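Small disclaimer: the values here were computed from a predicted structure and weren't measured.
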Amino acid sequence: MVLFLIGVLILVVCGYGYGKYCEKVFGPDDRVTPAIAKADGVDYVGMKKWKNQLIELLNIAGTGPILGPIQGILFGPIAFLAIPIGCVFAGSLHDYFVGMISMRNDGAQVPTLMKKYVGNGTNKIYNIIIWILMLLTGVVFIYTPGDLIVNNILHMDINSNVIWIVYACILLYHIVATLFPIDAIIGRVYPIFGAFLGISAIGVFIGVLLTGGADLHSITSGVLISEHPSAQSFIPVFFITVACGIMSGFHGSQATLISRTVKSEREGRQTFYNMMLAEGFIAMCWAAGAMVLFNTTAPLDTTATLMVGEISQRFMGNIGGLLAIIGVIVLPITSGDTAFRSLRLMIAEQFNIDQSIAFKRVVLSIIIFIPAVLILFFAKSNAGGFNMLWRYFGFTNQLVAVFALIMISIYLKAHNKNYYISLIPGIFYTFIVTSYIFHADLGFSLDKRLGMEGYTASYIVGVVVSILFALFVVKRAESRKEYIQKLDN
């Protein structure tokens, strides 16, 4: 219990202090924001601060900060330190600077920012990766809430035909939310969804404090890192597994979406940085709930989606547990809709497609949803299909974040600001994604091919690529400094 509370304290105290520092580094002012200057009634719509904060939180908090920590806690109580520290110094920083830099660039999506600050060559690579991530995110956030609805609400077999009806209903909502003005659907229903989100997170938190303290303490009084049931390595697997609770490249696409609805730059820290802290809190609560259950003597199925129901009912009872499950279902639905919306805007920016015309929005949306449906069908129809989908989603998610940290670092260095605050987490996550994909069987299986134990070869490659990452950022920032300053002044 002590370690859990220390983690929460890190989120609150360090998050407040470092958030203020990040705000000072960026320097928000009173200039007119895109929500006012480019108002179009569709994507550029000025909204109230509390509504922007709520939408941002619901957009970024999919099933990742719940399913990820439930699996991540299998590595041991170290999760109660890794989640808040990573959230404060990497994830929240990432979300804040992406959102604020976008706001300074007419609400541009990250691919446009990559082209401007990093260069066209890097942007072409990034475009492919981010579009894949948006598709994978949208599919994951149809699949997981659909299974939760069928299993925990309807109490039916998730492999029955009814699952396709549920998927279709969620997909229909995503289509409507993608096509209509942001304040017509998202801005109206999210406050309702937010209530369920608050009930689920706070309910689990109080339940852990009141009923799980002894179980939590007995574990946290031991070693920090436990042997994983599948013998997986804490580094890098933990940081891929718990991506959304610590740092997520997907969040960049959502921050740029909300950068078009914020009416004052001075609202940025509360809207972007603090909402990521809130997601970190959600991750901490579910990790604690999972740890309490894992410490019981009763045998448990550690499948993350099944653990959601177990945790909810353990700490909140039948009725409260149902509300908590609804909150968990809400999270991916409210992230999936904006994933597809962001993808539409990215493609529209890339090919200069006017999104104020309804017909063009419809055609572009159809193009997006066709491959999404095909990926969903593959994931559900093949054994191990979803596991493969989730692993690629986790890796791509972190890889996208690395690209965003490159952009942030170059922006800060070009403007003579402290770029080390983004460069350091960028170096760390470059090592994480590189060592992971070189070791994993869905990647290069380098260590296995070389007949080496553990991650030795993959770690070496990770170190080399991380050094190259740092050199690339510094050199590119120096070469584009005058160009960037001229464009931004």
Step-by-step side chain to side chain contact (heavy atoms under 4.5 Å, CB included) determination, Leu376 to Phe369: CA-CA 10 Å; Leu376 177 64; Phe369 282 110; over 6 Å; no
Full working for salt bridge (Lys or Arg N to Asp or Glu O under 4.0 Å) between Arg266 and Asp30: CA-CA 8 Å; Arg266 301 188 189 280; Asp30 296 321; 2.8 Å; yes
Residue pair Ser102, Ser259: steps toward the side-chain hydrogen bond (donor to acceptor under 3.5 Å, both in side chains) verdict: CA-CA 6 Å; Ser102 173; Ser259 74; 2.8 Å; yes
side-chain hydrogen bond (donor to acceptor under 3.5 Å, both in side chains) assessment of Asn418 paired with Lys413: CA-CA 7 Å; Asn418 181 9; Lys413 184 168 176 56; over 6 Å; no
Verdict with reasoning, Val402 to Val433, per side chain to side chain contact (heavy atoms under 4.5 Å, CB included): CA-CA 9 Å; Val402 169; Val433 297; 4.3 Å; yes
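Within the 6.0 Å centre-distance limit, the rings of Phe428 and Phe239 are counted as a close aromatic pair. Ring-centre distance between Phe431 and Tyr459: below the 6.0 Å cut-off.
Salt-bridge annotation for Arg269 and Asp95: absent, with no side-chain N of the basic residue lying under 4.0 Å from a carboxylate O of the acidic one. Remark: Asp354 does not engage Arg361 in a salt bridge, criterion side-chain N to carboxylate O under 4.0 Å.
With Tyr143 as the fixed residue, the ring-ring contact (aromatic ring centres under 6.0 Å, His included) test singles out one of Phe386, Trp164, Phe377: Phe386.
Note that the CZ atom of Phe340 and the CE atom of Met134 stand 10.0 Å from one another [nearest 0.5 Å].
Looking only at distances, a side-chain donor or acceptor of Tyr273 sits under 3.5 Å from a matching main-chain atom of Val88. Within the 3.5 Å criterion, the main-chain N or O of Gln53 finds no donor-acceptor partner in the side chain of Thr271.
Counting only residues at least two apart or on different chains, no ring pair (Phe, Tyr, Trp, His ring centres under 6.0 Å) pair has a member in residues 468-489.
Other residues, nucleotides and ligands contribute more than 12 heavy atoms inside 6.0 Å of the OH atom of Tyr18.
The aromatic rings of Phe351 and Trp131 are tilted relative to each other, their planes meeting at an angle between 30° and 60°.
Lys380 forms no cation-pi arrangement with Tyr167, by the criterion of a distance under 6.0 Å to the ring centre and an angle within 45° of the ring axis.
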